[in-house]
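Have a look at the structure below, then the notes.
Since we're looking at a predicted model, the values are computed, not measured. Each ligand, and each atom within it, is numbered from 1 in the order the structure gives. Basis for what follows: all heavy atoms, side chains included, without hydrogens, waters or symmetry-related copies. Residues take their numbers from the sequence shown, with the count starting at 1.
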Amino acid sequence: MPRINDHYLKLSAGYLFPEIARRVQAFADHHPEAGRRIIRCGIGDVTEPLPMAARDAMHEAVDELGRRDTFRGYPPPFGYDFLREPIAQIDFADQGLDIQPDEIFISDGSKCDCGAILDIFAPNQQNRIGITDPVYPVYVDTNVMVGNTGPATDSGYEGIVYMPCTAENNFVPKLPDQPLDLIYLCYPNNPTGSMISRAQLKEWVDYALEHDAIILYDVAYQAFIQDPELPRSIYEIDGARKCAIEFHSFSKNGGFTGVRCGYTVCPKELTAKDAKGNDVELHPLWQRRWSTKFNGVSYITQRGAAALYSNAGREQVQSLIDFYLGNAAILRDGCKALGLDTYGGVNAPYVWVRCPDGVDSWGMFDRLLHEAQIVTTPGVGFGRCGEGYFRISAFNSRENVEEVVRRMKAMSAQAV
Ligand code: MLT
């Protein structure tokens, strides 16, 4: 009889968002009337229609596949040049950054890449892993799955070095006092909506270079950075080509959460050690992993993604970002007006709020759901340091966002 991967049994709870969905469904089943008023600001799933440029390009791509002379089968495993080239040009060369098209790997989304990257690193606790707390749960859970941790304890999984992100350090962790091999950073940050400064990011790059570490830098929310002083890519920092892999997504800028497309940058300078202590380049390993386990993103999807780089596509993406940032401002101002300690929501679509009256994260989740039919994400679901906070997502209609603020106001008036 086959044996399972026992590491899965260590996973302490269901994945956060399905767990929230389960609790919301249970509430709606028991309170059908109230259930119809539910406004979902939990998972950061986009609500606005796809940009017209992407839609047109995808329609055209479908028609091409419907004609013998323009039909295409398997896509190239790492992505079509018609997408890799504008990415290299617009996201990097135009910003003065040196990233070549063949260092860009088109994928079905950055969540998948954040998990898949562990395929090319030694499993079973052979690497020292640093993860911020609170954090996007995928980084932790995927490390558990490949055996990079011991069992879950009250202070998290044994074997992970948690790097606290608190209001006191503006949600940017201090440099570790021990050497790490793989470090996860995400800015604009999910879940706290905070940003890292260029000087702080440089400290991390310098740390990684000094300790031969690799930073796994997630910029899924890059499009929300409006302040030109803030770093949009880790490759803005000298030396990052030698120590960083960067994950990008079209989910939150192009509204592709359902379409599925993103990309990973793996520079050719990156190396890590084999079991004998030799330096091995990561780019060929990632390429090998990719061509073996993936058959590429569909032509239709890649045409849609490439259209986001057209002039029209870029304008349409910017209006989506402006719209969601407008929502974030309403939520942030609304929470502040209620006297709540409120963070994020400026260069990010997430607003991070301290629960009032010493209520804990799940307690606040329940209160908002039961009393106001608002779904949020409990901060503790992102890690121990998230306890006592809740996250509100700005991905929603304007009407719903305004209604969320009205309901929170009514709730707080009742509590007085
Ligand atoms: C979130 O709500 O944190 C994100 O939507 C999750 C994701 O992008 O996978």
Query raised in the report: Can you list the ligand 1 atoms lying under 4.0 Å from a non-hydrogen atom of Asn190?
Result: 1 (C), 3 (O)
Report summary line: Near Tyr350 (heavy-atom distance under 4.0 Å), the atoms of ligand 1 are 1 (C), 2 (O), 3 (O), 4 (C), 5 (O)
Query - Nearest-0.5 Å distance that lies between atom CD1 in Ile374 and atom CE in Met408 - result: 6.0 Å
**Report entry** Residue portion contacting ligand 1 (non-hydrogen atoms closer than 4.0 Å) for Phe395
**Finding:** neither
Query raised in the report: ligand 1 versus Ile43, non-hydrogen atoms closer than 4.0 Å: side chain, backbone, both, neither?
Result: both
Query raised in the report: Leu285: what forms a side-chain contact (heavy atoms from CB on, under 4.5 Å) with it, not counting sequence neighbours?
Result: Ile120, Val280, Leu282
Requested in this report: Side-chain contact test, heavy atoms from C-beta onward, threshold under 4.5 Å: evaluate it for Arg260 versus Cys112 and give yes or no.
Outcome: yes
Requested in this report: May I ask you to check if ligand 1 and Tyr136 share an N or O to N or O distance below 3.5 Å?
Outcome: yes
Query raised in the report: Any nitrogen or oxygen of Phe382, main chain or side chain, under 3.5 Å from a nitrogen or oxygen of ligand 1?
Result: no
**Report entry** Shortest protein heavy-atom distance from atom 8 (O) of ligand 1, along with the residue and atom involved
**Finding:** Lys252 NZ, 2.9 Å
Query - Under 3.5 Å side-chain donor-acceptor pair for Asn143 and Tyr184 - result: yes
Query raised in the report: Under the salt bridge (Lys or Arg N to Asp or Glu O under 4.0 Å) test, which residues partner Asp154, sequence neighbours left out?
Result: none
Query raised in the report: If you count the non-hydrogen atoms of other residues, nucleotides and ligands that lie under 6.0 Å from CD in Glu60, is the total more than 12?
Result: no
